[in-house]
Engineer: 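After the C-alpha cells below, expect a handful of questions from me.
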Protein chains: 2
Amino acid sequence: MSSQAVTLADVAVEAGVHPSTVSRVLSRPQLIGEPTRTAVHAAIHKLVYTPNRAARQLAGGRVGAIGVLVPDITNPFFAHVVRSVQQGCRRNGLTMLLADTDQREADELSEARALAGSVDGFVVCSPVAATQQWLQVVGTAPLVFVNRRANGVASVALDQQAIIELGVTHLRAAGHRSIAVVRGPHSYWSSRERDRVVRRLPGLVTYGPVRPDFEAGIALATDLMRSNVTGVLAFNDVQALGIVAGYRAAGRSVPRDLSVVGSDDIADAAMSDPPLTTVAAPVQQLGDAAFDLLARLLAGAIERPEITLPVTLTVRASTLGRSSTSSTNSIATKGNHR
Amino acid sequence: MSSQAVTLADVAVEAGVHPSTVSRVLSRPQLIGEPTRTAVHAAIHKLVYTPNRAARQLAGGRVGAIGVLVPDITNPFFAHVVRSVQQGCRRNGLTMLLADTDQREADELSEARALAGSVDGFVVCSPVAATQQWLQVVGTAPLVFVNRRANGVASVALDQQAIIELGVTHLRAAGHRSIAVVRGPHSYWSSRERDRVVRRLPGLVTYGPVRPDFEAGIALATDLMRSNVTGVLAFNDVQALGIVAGYRAAGRSVPRDLSVVGSDDIADAAMSDPPLTTVAAPVQQLGDAAFDLLARLLAGAIERPEITLPVTLTVRASTLGRSSTSSTNSIATKGNHR
DNA sequence: CAGGTCGGTGCAAGCGCTTGCACGATGCCG
DNA sequence: CGGCATCGTGCAAGCGCTTGCACCGACCTG
C-alpha cells in the first residue's frame, strides 16, 4: 500500500517507548507525561509517520471519514455544498468519500451501503430513497439530509415556501397574470414541498414534473410558447437557463416574450444572457450547516435539528413587467453567493 | 460502526463453511466449488453481508478505493472529470475519496498524504506540487495526472499547443491584429506549456498570470480596456466569462469591443451572454481516460502512458471579425460535450 | 488397483492499531 | 517512615479479513 512503511511500532522504537504509548499520544495526549509526549512527537515527525486509517478503524476507533452523496456533482449547486463540506472536513482532519448517485434511487442506497462501515457518518444531498430505508442502511451512524426534511433525521433545507412565494410575488408584482410554476421530479422532497405550497396559491399554472436540467428546460420552452404563460418560475437555475435557451433558439426573447425566474442563484445565473432573476440559495451556508450538524452528531449530540435556511430574491434581467418596469442587471448582485 | 453487525464469520456459520472459504468466494470465486459457492452466496444475501473495508485493507488486500484530488470542485471542468471518474468507480465497485485542495499547493500534498494508505491509487487533477514530491508521497501506489504531463507518471492531458493555435488562428482569421493570450498561474503545467507555445508564436501580447476564475477575469477586463487589444484568448471559460462580465459592467460590449475566446467549453459557455467561442475540451473523455489508466495500473500494468487528448474549436458569438464577418450562435453546438 | 495429481477446503498467522487492565514508581498522608 | 492513592506506561487481546500452506478425498494414469 503505497509508501506506508512507517508504522506506529516504528515510531515506538524510535522514541524508545511502547506502541500503546504512541497510540495514546495520538488519541488521548493528556494521559501521557510531558517528556514522553514530546519525545514521541519528535519521533513522529522524524519518521513522517501517518496513521493507518484502516487499522485505526478496525481497532474500533473512529474512521475519520464521512460519506457525502450527491445526485449530480456537475450541478454547481451541489458542487458548492460539497466544497464547503470538504472544507469542514479539512479543518477537522476528516476525509470525504464522495459518491455521485447520478440521480438514481437504486444507486443512492447501494452507494450508501457500500460506504456504511467505512465512514463515521453521512451527508446526503436531495435523497430520493425513503427515510426508512436510509435509517436502515446507515444504522446508528449519524445522518444529515441536505435539501430534504424528514422525521427523525437531522437536516438542513431551504425554505421551499419562500422560494415559491418570492418568485410568484415578484412575477405578480411585475404585472404577470398567467404565471406558471415548473414542478420538479416527484422523488424530490423539495419538489413535493413546493407542490404543496403551490396548491394553496390560487391562479397558478403548473408544468411538469420536468427534470431539473438544461435539456429538459429547452424542451419545456416549446410547451410554454404554445401557452399564454408570460411568467415562469423554474425548478432551478439550470432548468431556467434551458427555458431561456429554448426561447432563444426559437427566435423568441426572454424577458420580452417570457419572464423567467430561476432558483438557486448559481454562478451561471449572473453570467447568462439575459442574467437570470432567481431565488438565491445560501449554498455555502447549506454545506457549512450540514457539516456542523454532522460534526455535532459525531461528537455525541442527540437532537436531530431540522434547519431551514432562508432564501432571497435576486432580481436580474430575465424578468420584465408586462407594463413598463425596468430591470436590474448588475454583476454586483453576484456577490451574495460565496 | 453503523449497522456493521454481520461479519464474514457470521456468513461462514450460516453457510456451514470456514470463514476463509467465504473470503475466497468473494475474492477468487473460481477457486471454490460450485455448490459451496452457491450456498455462500445465499448466506451472504440472506444476512445482507457487507464486507468491512478496513479489515479487508488491513489484511493486505486491495482497499477498493481511489483518491481523487481536484483544485476546485465548483469548477465545472473538474466536476465533469470527477463525475466520469466516479462512474468508472461505480462500474468497478470502487469507492472514490475526493479532496478539494482549494488550489493550494500545501493542501495538495497534505491531503494526498492523508489519503495515501487509504486508497489503491490516485487521480490528481492539475497538480501543482513537484513530480518528485508526488512520487514520494504516493510511494508505489499508481498515480495518474490529469492536465499535466510529467516524466515517469501516467497522465492524460489536453493538447495545449492546439488550444493556443486554434484560438489564435481563429482570432487572426477574423482579422484581429492585436491579440492577447492570458497566461494562467505559473504553477499549472498547462499554463507553462502554453507559455512555451506562445513564445514561439510572433506578434502576441500576453497578460498575467491571471487566476482562472470569474473575479480575476473581471479584474483583467479593466486592463484589457486600457489596451488596444481587440481579441483575447482567455486561460479558461470561467475567466473568459469574467472578462465578458467586466466589459459589460463597464458599458463595453463583447464582441463589438473585444472578441473573447475561452477554453474548456463548460456548459455555461453556451448559455452566457454572448455565447462564448471556446476551445472545447473533451471532459468526459478526460475523466474516462484517467480512470482507465488508473484501472490498468491497478491491474498491474507497468507502462506509464502520457495521453494527449485533442481539442476542437467551438465558434459562438463572443468573437467577431474586425471587418464584417457574421457570428454563429446556436445551442446545437453545445451537443459536443457530454 | 496402487501411486500420483489436483481441485476444494480448513487452518492459523498476521495486517496496524486501540484499549482495558496490570503494574511499577512516585508522592502523599497520618 | 510505611501504606496507599495516583500517575504514567507496558502488556496483550483482539477488530474482520486475506492468504500461504497443509490436508483430504476423488480422480486419472499405467
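Predicted model only: the values in this text are computed from it and were never measured. Per chain, numbering begins at 1; letters A, B, ... match sequence-line order.
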Engineer: Sort and list the pairs that fulfil salt bridge (Lys or Arg N to Asp or Glu O under 4.0 Å) and have at least one residue in residues 286-296 of chain A, not counting sequence neighbours.
Structural biologist: none
Engineer: Between P on dT18(C) and CZ on R53(A), what's the gap in Å once rounded to a whole number?
Structural biologist: 12 Å
Engineer: Return the value, rounded to whole Å, for the distance between atom CZ of R56(A) and atom P of dT18(C).
Structural biologist: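 Interatomic distance, CZ of R56(A) to P of dT18(C): 5 Å.
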Engineer: For R24(A), give me all partners under side-chain contact (heavy atoms from CB on, under 4.5 Å), at least two apart in sequence or on another chain.
Structural biologist: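 Partners of R24(A) under the side-chain contact (heavy atoms from CB on, under 4.5 Å) test: S20(A), L31(A), I32(A).
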Engineer: Which nucleotide sits closest to the side chain of R28(A): dT9(D), dT19(C), dG10(D)?
Structural biologist: dT19(C)
Engineer: Any side-chain donor paired with an acceptor under 3.5 Å for R56(B) and S27(B)?
Structural biologist: no
Engineer: What residues form a side-chain hydrogen bond (donor to acceptor under 3.5 Å, both in side chains) with R90(B), not counting sequence neighbours?
Structural biologist: E111(A)
Engineer: Counting side-chain heavy atoms from CB outward, which of dC17(D), dG10(C), dT9(D) is closest to I32(A)?
Structural biologist: dT9(D)
Engineer: Under the rule for side-chain hydrogen bond (donor to acceptor under 3.5 Å, both in side chains), what residues qualify as partners of T95(B), not counting sequence neighbours?
Structural biologist: R53(B)
Engineer: Return the residues of residues 18-27 of chain B meeting this criterion: a heavy atom under 4.0 Å from some atom of DNA chain D. Order them by number, or give none.
Structural biologist: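 Output list: S20(B), S23(B), R24(B).
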Engineer: Using the side-chain hydrogen bond (donor to acceptor under 3.5 Å, both in side chains) criterion, which residues pair with E303(B)? Sequence neighbours excluded.
Structural biologist: none
Engineer: Can you list every pair that meets salt bridge (Lys or Arg N to Asp or Glu O under 4.0 Å) and has a residue in residues 40-52 of chain B, with sequence neighbours left out?
Structural biologist: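 Output for this query lists E14(B)-K46(B).
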Engineer: Not counting sequence neighbours, which residues clear side-chain hydrogen bond (donor to acceptor under 3.5 Å, both in side chains) with Q87(A)? List them please.
Structural biologist: none
Engineer: Round to a whole Å and report the spacing from CG of N52(A) to P of dG16(D).
Structural biologist: 16 Å
Engineer: Five pairs at each end of the helix from dC1(C)-dG30(D) to dG30(C)-dC1(D): take the axis at both ends and give me the angle between them to 10°.
Structural biologist: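 Roughly 40° between the end axes, to the nearest 10°.
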Engineer: Rounded to whole angstroms, how far apart are CD on E34(A) and C1' on dC7(D)?
Structural biologist: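 Computing the E34(A):CD to dC7(D):C1' distance gives 15 Å.
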Engineer: I'd like to check the side-chain contact (heavy atoms from CB on, under 4.5 Å) partners of Q285(B); sequence neighbours left out, ordered by chain and number.
Structural biologist: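 For Q285(B) the side-chain contact (heavy atoms from CB on, under 4.5 Å) partners, ignoring immediate neighbours, are P282(B), L309(B).
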Engineer: Write out a two-atom table: protein N or O, nucleotide N or O from nucleotides 13-15 of chain C, distance below 3.5 Å.
Structural biologist:
from, atom 1, to, atom 2, distance (Å)
dC15(C), O2, L58(B), O, 2.8
dC15(C), O2, A59(B), N, 3.0

Engineer: Are side-chain N/O atoms of R148(A) and T131(A) paired as donor and acceptor at under 3.5 Å?
Structural biologist: yes
Engineer: With A15(A), which residues qualify under side-chain contact (heavy atoms from CB on, under 4.5 Å), at least two apart?
Structural biologist: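 For A15(A) the side-chain contact (heavy atoms from CB on, under 4.5 Å) partners, ignoring immediate neighbours, are V17(A), V40(A), A43(A).
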